[in-house]
Participant: 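Here it is, the structure in full.
The structure presented is a predicted model; accordingly, all values stated were derived computationally and were not measured. For the numbers below, each heavy atom of this structure counts, side chains included, while hydrogens, waters and symmetry mates do not.
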Amino acid sequence: MKKFFNWPTIRLVLMFALVLFLYSFTANRNLNRKLQKTEVIFENNDILFVSPETVNKLLIENKSDVKTIAKVEVDLNKLEKSINKNQMIEKSDVYVTIDGTLRAKVKQKTPIARVFDNSGSFYIDYEGSTMPLSELNSARVPLVWGEITDKNKKKLSEILKMIYDDEFLKKNIIGVQILPKDELLMKNRNYNFDILFGKPINVEKKFNNYKAFFQKEVNDSILNKYKKINLKFTQQVVCIK
C-alpha cells in the first residue's frame with residue numbers, strides 16, 4: 001500500500017500550521033493593542049459648523065484618554081452612527097489605521113438658505129432638510145421668510161439648490177420671501193428692486209430670462225431706476241420704475 005504521509009507532505013502541513021499560528025497570534029496581539037491618538041478630518045472644511053473637539057468626544061465616547069482604549073473594543077459602526085446623529089453632519093467614515101490612529105472623515109451638511117419664522121431661525125441644507133444654526137460660524141446664504149408648508153417646501157428647496165449651484169445667482173440673490181398663494185419675491189444684493197418670481201413653475205426659464213436681462217441692463221447703468229422686475233411671464237421680463 002502506497003504511503004500517503006511522507007516527509008515533504010508532513011513538512012508542508014507543519015509550515016502551513018505555523019503560518020496560521022503566527023497570523024492568529026499577530027492579529028490577536030494587534031487587536032489588543034491600545035489606540036495611540038484620534039484624528040478628525042473634514043471633507044468640506046472651508047467653514048466649520050461643528051468643532052473637531054465635538055467629533056473627538058464622540059469618537060472616544062467621552063473617555064478621558066484614547067490610549068486606554070484597545071482596538072478590539074472599538075465598534076466602528078456604532079461610532080459612525082453616533083457621529084451621524086449630530087445635526088451638523090451629513091455622513092462620516094470611521095476607521096483605525098495601522099499605526100493605531102482612530103480616524104474620522106466627516107462631511108458636514110451644506111446650508112443653502114437661512115429661514116426666519118415664528119419658531120426662530122434655522123438653515124435648509126442641500127438635501128432639503130433642516131439644520132440648526134452653529135455657534136462657531138454663520139453661512140452666507142439667502143434669507144428666507146414667509147410661510148413654509150409641506151406643500152411648498154420641496155419646490156422651494158429645489159429653487160434654493162438652483163441658486164446655490166449657479167455662480168451668478170448665488171452672488172446676486174440674497175433673499176426669498178414666500179407670498180400668499182406660494183408666489184415668490186426675491187431680493188437682489190446690489191440693487192433695491194424686487195424680483196417678482198411668481199409661482200415656482202418654469203423656474204429654469206425664469207432664471208435664464210433674469211440673467212440675460214441683468215447682463216444686458218447692467219451695462220446701461222439703468223438698473224437703479226427700477227423698483228420691480230417681473231419674471232412671471234416666461235416670454236418677457238417686465239420692468240417697473
Side-chain angles (χ1 to χ4, degrees), residues 26-145 148 153 156-158 160-167 170-171 173-176 189:
T26 303
N28 186 63
R29 184 179 179 185
N30 183 56
L31 285 174
N32 283 289
R33 283 181 176 173
K34 305 295 184 181
L35 297 174
Q36 297 303 305
K37 62 179 181 178
T38 60
E39 185 177 27
V40 179
I41 300 173
F42 289 93
E43 292 184 15
N44 45 348
N45 61 352
D46 293 339
I47 300 177
L48 292 184
F49 302 108
V50 59
S51 69
E53 291 77 16
T54 297
V55 179
N56 189 66
K57 286 181 181 179
L58 295 172
L59 271 180
I60 63 176
E61 297 180 306
N62 292 319
K63 291 185 173 66
S64 59
D65 186 0
V66 67
K67 293 183 178 181
T68 64
I69 306 172
K71 288 184 179 181
V72 71
E73 298 174 6
V74 178
D75 187 335
L76 299 178
N77 288 330
K78 179 184 175 183
L79 292 178
E80 286 180 359
K81 288 178 180 178
S82 177
I83 293 172
N84 293 344
K85 285 181 180 179
N86 188 293
Q87 291 181 295
M88 304 293 185
I89 294 173
E90 182 177 327
K91 64 178 181 178
S92 63
D93 181 22
V94 181
Y95 55 94
V96 179
T97 64
I98 296 175
D99 63 358
T101 300
L102 180 59
R103 181 176 294 159
K105 287 188 175 181
V106 176
K107 183 178 181 182
Q108 300 179 114
K109 290 182 178 180
T110 303
I112 60 174
R114 180 171 176 175
V115 176
F116 288 87
D117 63 13
N118 294 331
S119 63
S121 183
F122 58 90
Y123 293 121
I124 294 177
D125 75 357
Y126 196 80
E127 302 301 322
S129 302
T130 58
M131 173 183 171
L133 303 184
S134 170
E135 295 181 355
L136 297 181
N137 290 294
S138 297
R140 291 190 64 186
V141 291
L143 306 181
V144 177
W145 65 100
I148 299 177
K153 182 179 179 181
L156 176 64
S157 296
E158 291 173 0
L160 293 171
K161 282 177 68 173
M162 290 184 68
I163 294 173
Y164 182 85
D165 288 333
D166 187 289
E167 284 302 316
K170 191 175 183 178
K171 294 177 181 178
I173 305 297
I174 61 169
V176 179
R189 182 179 301 278

Participant: What's the separation between atom CD1 in Ile60 and atom NZ in Lys37, rounded to the nearest 0.5 Å?
Facilitator: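 Taking CD1 in Ile60 and NZ in Lys37, the distance rounds to 15.0 Å.
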Participant: Do Asn56 side-chain atoms and Pro52 backbone N/O form a donor-acceptor pair below 3.5 Å?
Facilitator: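 No, Asn56 side chain to Pro52 backbone: no donor-acceptor pair under 3.5 Å.
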Participant: Pick one: which of Thr101, Leu59, Leu102 meets side-chain contact (heavy atoms from CB on, under 4.5 Å) with Glu39?
Facilitator: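 Exactly one pass, corresponding to Thr101.
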Participant: Starting at CE of Met162, measure out to CG of Asp165 and round the result to the nearest 0.5 Å.
Facilitator: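 The CE atom of Met162 sits 8.5 Å away from the CG atom of Asp165.
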Participant: For a quick test of reading the model, state the closest non-hydrogen atom pair linking Lys153 to Gly128 and the distance between them.
Facilitator: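 Residues Lys153 and Gly128, closest heavy atoms: CE-O, 3.5 Å.
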Participant: Quick one: list whatever passes side chain to side chain contact (heavy atoms under 4.5 Å, CB included) with Tyr95, sequence neighbours left out.
Facilitator: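 Residues passing side chain to side chain contact (heavy atoms under 4.5 Å, CB included) with Tyr95: Asp93, Thr97, Arg103, Lys105.
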Participant: Could you tell me if the side chain of Leu133 sits less than 4.5 Å from the side chain of Arg114, heavy atoms only?
Facilitator: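 Touching, per the 4.5 Å side-chain cut-off.
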Participant: If every non-hydrogen atom of Ile47 is compared with every non-hydrogen atom of Ser138, which pair is closest and at what distance?
Facilitator: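 Looking at all heavy atoms of both residues, the closest pair is CD1-O, 4.4 Å.
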Participant: What I'd like to find out is whether the side chain of Trp145 reaches to under 4.5 Å of the side chain of Ser121, using heavy atoms alone.
Facilitator: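 Heavy-atom side-chain distance check fails, nothing below 4.5 Å.
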Participant: To the nearest 0.5 angstrom, please state how far the CD1 atom of Ile41 sits from the OG atom of Ser92.
Facilitator: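 With rounding to 0.5 Å, CD1 (Ile41) is 12.5 Å from OG (Ser92).
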Participant: Distance check, rounded to the nearest 0.5 Å: Ser82 atom OG versus Asp75 atom CG?
Facilitator: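 Reported to 0.5 Å precision, the distance equals 10.5 Å.
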Participant: May I ask you to say whether Lys107 pairs ionically with Glu90, meaning some side-chain N is under 4.0 Å from a carboxylate O?
Facilitator: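 A salt bridge is present here (some side-chain N lies under 4.0 Å from a carboxylate O).
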Participant: So do Met131 and Gln87 actually touch side chain to side chain, heavy atoms under 4.5 Å?
Facilitator: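 Not touching, per the 4.5 Å side-chain cut-off.
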Participant: Give the minimum heavy-atom separation between Leu58 and Leu79, together with the two atoms involved.
Facilitator: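 Reported closest heavy-atom pair: O-CD2, 3.5 Å.
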Participant: Can you tell me how far apart NZ (Lys161) and CG (Asp125) are? Round to the nearest 0.5 Å.
Facilitator: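 Reported to 0.5 Å precision, the distance equals 9.5 Å.
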Participant: Looking at side-chain heavy atoms only, is the closest gap between Leu76 and Val96 below 4.5 Å?
Facilitator: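 A side-chain contact exists here, since the closest heavy-atom pair is under 4.5 Å.
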Participant: Please say which of Val40, Asn86, Ile83 ends up in a side-chain contact (heavy atoms from CB on, under 4.5 Å) with Val50.
Facilitator: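 Looking at Val40, Asn86, Ile83, the match for Val50 under the side-chain contact (heavy atoms from CB on, under 4.5 Å) is Asn86.
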Participant: Can you see which heavy atom on Phe49 is nearest to which on Leu136, and at what distance?
Facilitator: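 Closest approach of Phe49 to Leu136, heavy atoms only: C-CD1, 3.9 Å.
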Participant: Using side-chain contact (heavy atoms from CB on, under 4.5 Å) as the criterion, point out the one residue from Val144, Thr110, Val141 that pairs with Tyr123.
Facilitator: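 Testing each of Val144, Thr110, Val141 against Tyr123, the sole residue satisfying side-chain contact (heavy atoms from CB on, under 4.5 Å) is Val141.
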Participant: If you look at every heavy atom in Ile112 and Pro142, which pair is closest and at what distance?
Facilitator: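 Scanning both residues, the minimum pair turns out to be O-CD, 3.4 Å.
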Participant: Ring of Tyr126, cation from Lys109 - is the NZ or CZ under 6.0 Å from the centre and inside 45° of the axis?
Facilitator: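 Checked: cation-pi criterion not met.
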